2 protein chains.
Amino acid sequence: MPTLYQDASKLLRAQGGRMTNQRRLILQILDSVSGHPTAEELCDLVNECDPSLNLSTVYRTLRWLESEGLVSTRRFLEDNRQERFDPALPSEHHHFMCSECKQVIEFDHPYVDEIRNQFEENSGSQVQNASLTFYGLCEECAEKKKET
Amino acid sequence: MPTLYQDASKLLRAQGGRMTNQRRLILQILDSVSGHPTAEELCDLVNECDPSLNLSTVYRTLRWLESEGLVSTRRFLEDNRQERFDPALPSEHHHFMCSECKQVIEFDHPYVDEIRNQFEENSGSQVQNASLTFYGLCEECAEKKKET
DNA sequence: TTCCGTGCAAAATGTTTGCAAGTCG
DNA sequence: CGACTTGCAAACATTTTGCACGGAA
């Protein structure tokens, strides 16, 4: 599986763009990160290596990746002020967020495609993208609640 | 089924709040509206009756309703700058949004609960809320695309 | 050397808040 | 009357943009 860095390099070459140090760093961090960082969180990580790298550069890079379909964006309910960036394609997995500790668990389930197919048949529309999100209490936080 | 207006009146009485003209109007419009308006869209509707009613009052009323669990909020991908308000409880239905004409179709499907139950068993977590959203082309927009 | 990309500061957007004035009960 | 609400303007948080300078090809 090609990394984001490899995909992006190829694309840049193809469209006459340039692989700058800033882009390289952002891409490497995106490849190494797990989860769904906000632009600011990403910028903080990036700044540990290059403190002068600016938040607008992070945004510009993320938006470019988004427009090329290399990252997807989402917002979780509890947390919806900031956009989160997912270095994976949409529809590849779905999410559970714990309302208490905010941890995100990714999952997948064949029934999602099932629902999608039936919805397409019933409505005549074409579904390109599906996003299922659960909210609730994760195992640990549910335990803690019981104790009190 | 009680209207939002009725539910809200009862709550206001219970907690010593006041049913002002502004709240009455906002609630009535919420009861009559279909779809998932933004605060600003709602304010425009409200202003047709009372042009002096301010956007902050709309926000304050919506946030209060949200905190009482009488409306839920969501953001659609294509459109994610503004929050949308749903005068119905979460998990009561799911959504399809057409990327072309932005219309929203609501639907429901028993498999969502199925997925949820299985996820709860596998992960040990408690799911309180589920939100499934499809994006794609509605029947009409898909037809139009074919023609060209 | 030539554009493309960057940092910076300012603008834009959406939402929240402080406060004086108004109103419901 | 007195607490709760409102309108307004200002504050806030997040994201985008214009521009002069710097760096990859």
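Everything numeric in this text was worked out from a predicted model, so none of it was measured. A note on names: the letters A, B, ... follow the listed sequences, proteins ahead of strands, and every chain is numbered from 1. These numbers come from the heavy atoms of this one structure, side chains and all, not from hydrogens, waters or symmetry mates.
Residue-environment remark: CD (A:Gln103) exceeds the threshold of 12 foreign heavy atoms within 6.0 Å. Around NZ of A:Lys145, the count of heavy atoms belonging to other residues, nucleotides or ligands within 6.0 Å does not exceed 12.
Remark: A:Lys146 engages A:Glu143 in a salt bridge, criterion side-chain N to carboxylate O under 4.0 Å. Salt-bridge formation is detected for the pair B:Glu83/B:Arg63: a Lys NZ or Arg NE/NH1/NH2 atom is positioned less than 4.0 Å from an Asp or Glu carboxylate oxygen.
Between the CG atom of A:Asn47 and the P atom of C:dC8 there is a distance of 10 Å, rounded to whole Å. Between B:Leu55 atom CG and C:dG14 atom C1' the separation is 9 Å, expressed in whole Å. One interatomic measurement links the two molecules: CH2 of B:Trp64 to P of D:dT6, which rounds to 11 Å at whole-angstrom precision. In this structure, A:Asp44 atom CG and D:dT14 atom C1' are separated by 14 Å, rounded to whole Å. Protein atom CG of A:Leu53 is 14 Å distant from nucleotide atom C1' of D:dG23, rounded to whole Å. At whole-Å resolution of the value, OH in B:Tyr59 and C1' in D:dA10 are 16 Å apart. Atom CZ in B:Arg63 sits roughly 16 Å away from atom P in D:dT6 (whole-Å rounding). Distance CG (B:Leu62) to P (C:dG14): 16 Å, rounded to an integer number of Å.
Taken residue by residue, residues 12-40 of chain A places heavy atoms nearer than 4.0 Å to DNA chain D at A:Arg18, A:Met19, A:Asn21.
Counting non-hydrogen atoms under 4.0 angstrom, B:Arg60 reaches a base of the nucleic acid.
Distance alone, capped at 3.5 Å, places no donor-acceptor pair between the B:Arg116 side chain and the B:Ala130 backbone.
Residue whose closest nucleotide on DNA chain C sits further toward the 5' end, between A:Val58 and B:Ser56: A:Val58.
Test A:Glu41, A:Arg84, A:Glu106 against A:His36 for side chain to side chain donor-acceptor pair (under 3.5 Å) and you get one pass: A:Glu106.
The shortest distance between the side-chain N/O atoms of A:Asn54 and the OP1/OP2 oxygens of C:dT6 is not below 4.0 Å.
A distance of 6.0 Å or more separates the ring centres of B:Phe119 and A:His109.
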